[in-house]
Amino acid sequence: MTQSMTGYDATYFAKGALAGGICCSVTHGALCPVDVVKTRIQLDPVKYNRGMLGGFKQIIAGEGVGALATGLGPTAVGYFVQGWFKFGGVEYFKIKSVQRLGDKDAWAYRYPIYLASAAAAEFIADIFLCPLEATRIKLVANPQYADGLISAFPKIIKDEGVLKGFYSGFGPICFKQIPYTMTKFAVQGWAAEKIYTATNINVKTASEGVKVSVSLASGVIAGVAAAIVSHPADTLLSLVNKPGAGGEGSIMSRLVNLAGEVGFKKLCLTGLGARCVMIGTLTAGQFAIFDTVLLQTGAKKFHFVDPTATTA
């Protein structure tokens, strides 16, 4: 069954980028309180040693419920920009690969296409995300640093400069986000295929409601897998943005120092439960919202299709 590539043009890519920006901004913004607790656990595991629920209670008791919204501004803006380039970029690179290879080879190499498209899109997205993520972590680590995004930006530039202040974490953010995004899209695509096969549903003839439900279910699986893969780098990213963390020297030498100080086991496990809950929920929501928003724009989402299959 060969699928038509008509309609997958610049307008489609713009709609995909918009849907990606909305789904990432909404989900990351909604989970900001969870991210605040997770980041505090990573930054100060000695103080915040009571798990996720205990962390919520500690922060509310010590700083008030408003502290759970710390960093909401840079989170919402940063992840809209990141989602724009990430989801829009994945659709662009994925479809261009299919158009270049043809249906047969694209189906055979769909997982390498997922992986390569996600890696390229995420690298571009991280260039724009990194300054906002660095700002968010600074605000979460020290809520007194600034009132919010607008006041924090010039203060960071004044205190540390653009490169050190905003891009100290570029290496670890790529180290975290690129494997995360590669896992996220490849596993989601794999899981969705398995769900369609197990339920004997044809993706070409399925209703939009069924497709969104499959995206939601496969997104949970993809989110947990991606969280596990990216967690050590996520912990390093949180730590490297603390003043003086890792000593002096290059970013890489600071990261090596931090990894040695923390230890491999703690890098992999500290805050992992909270991150799996957060990323599993977040990823499921992203794929469901992306599909829904894309549908509302009038665009038809691209799916890999086996050219040898027959329509049920």
Least distance between heavy atoms, [X] atom then [Y] atom:
| X | Y | value |
| --- | --- | --- |
| N49 | V46 | ND2-O, 3.3 Å |
| A134 | G165 | CB-O, 3.7 Å |
| A14 | W84 | O-CH2, 4.3 Å |

Any chance you could measure I157, atom CD1, to K164, atom NZ, to the nearest 0.5 Å? 15.0 Å
Hey, what do you get for CZ (F290) to OG (S215), rounding to the nearest 0.5 Å? 9.5 Å
So does Y145 have more than 12 non-hydrogen atoms from other groups sitting under 6.0 Å from OH? yes
Residues passing the salt bridge (Lys or Arg N to Asp or Glu O under 4.0 Å) test with K301, sequence neighbours excluded, are D291
Please enumerate all residues that pass salt bridge (Lys or Arg N to Asp or Glu O under 4.0 Å) together with E208, with sequence neighbours excluded. K211
Enumerate the residue pairs fulfilling ring pair (Phe, Tyr, Trp, His ring centres under 6.0 Å) with a member in residues 10-46, sequence neighbours excluded, ordered by first and then second residue. Y8-Y12, F13-Y92, H28-Y79
Going by ring pair (Phe, Tyr, Trp, His ring centres under 6.0 Å), name the pairs with one or both residues in residues 180-219, residues two or more places apart or in two chains. F87-F185, F185-F287
Over 60° means perpendicular and under 30° means parallel, so classify the ring planes of F304 and F302, tilted if in between. perpendicular
Just wondering, do W107 and V305 contact through their side chains at under 4.5 Å, heavy atoms? no
Enumerate, atom names and distances included, each donor-acceptor pair closer than 3.5 Å involving a side-chain atom of residues 258-281, sequence neighbours excluded.
unit_1	atom_1	unit_2	atom_2	d
T270	OG1	K266	O	2.9
R275	NH2	S230	OG	2.5
T281	OG1	V277	O	2.8

With side-chain contact (heavy atoms from CB on, under 4.5 Å) as the test, pick out the partner of C23 among T292, L282, I289, L18. I289
Would you say S151's side chain and A146's backbone share a donor-acceptor pair under 3.5 angstrom? no
Identify each donor-acceptor pair in which a side-chain atom of residues 112-128 lies under 3.5 Å from a protein atom, sequence neighbours left out, and give them as a table.
unit_1	atom_1	unit_2	atom_2	d
S117	OG	K94	N	3.2
S117	OG	I113	O	2.7
E122	OE1	T181	OG1	2.5
E122	OE2	Q82	NE2	3.1

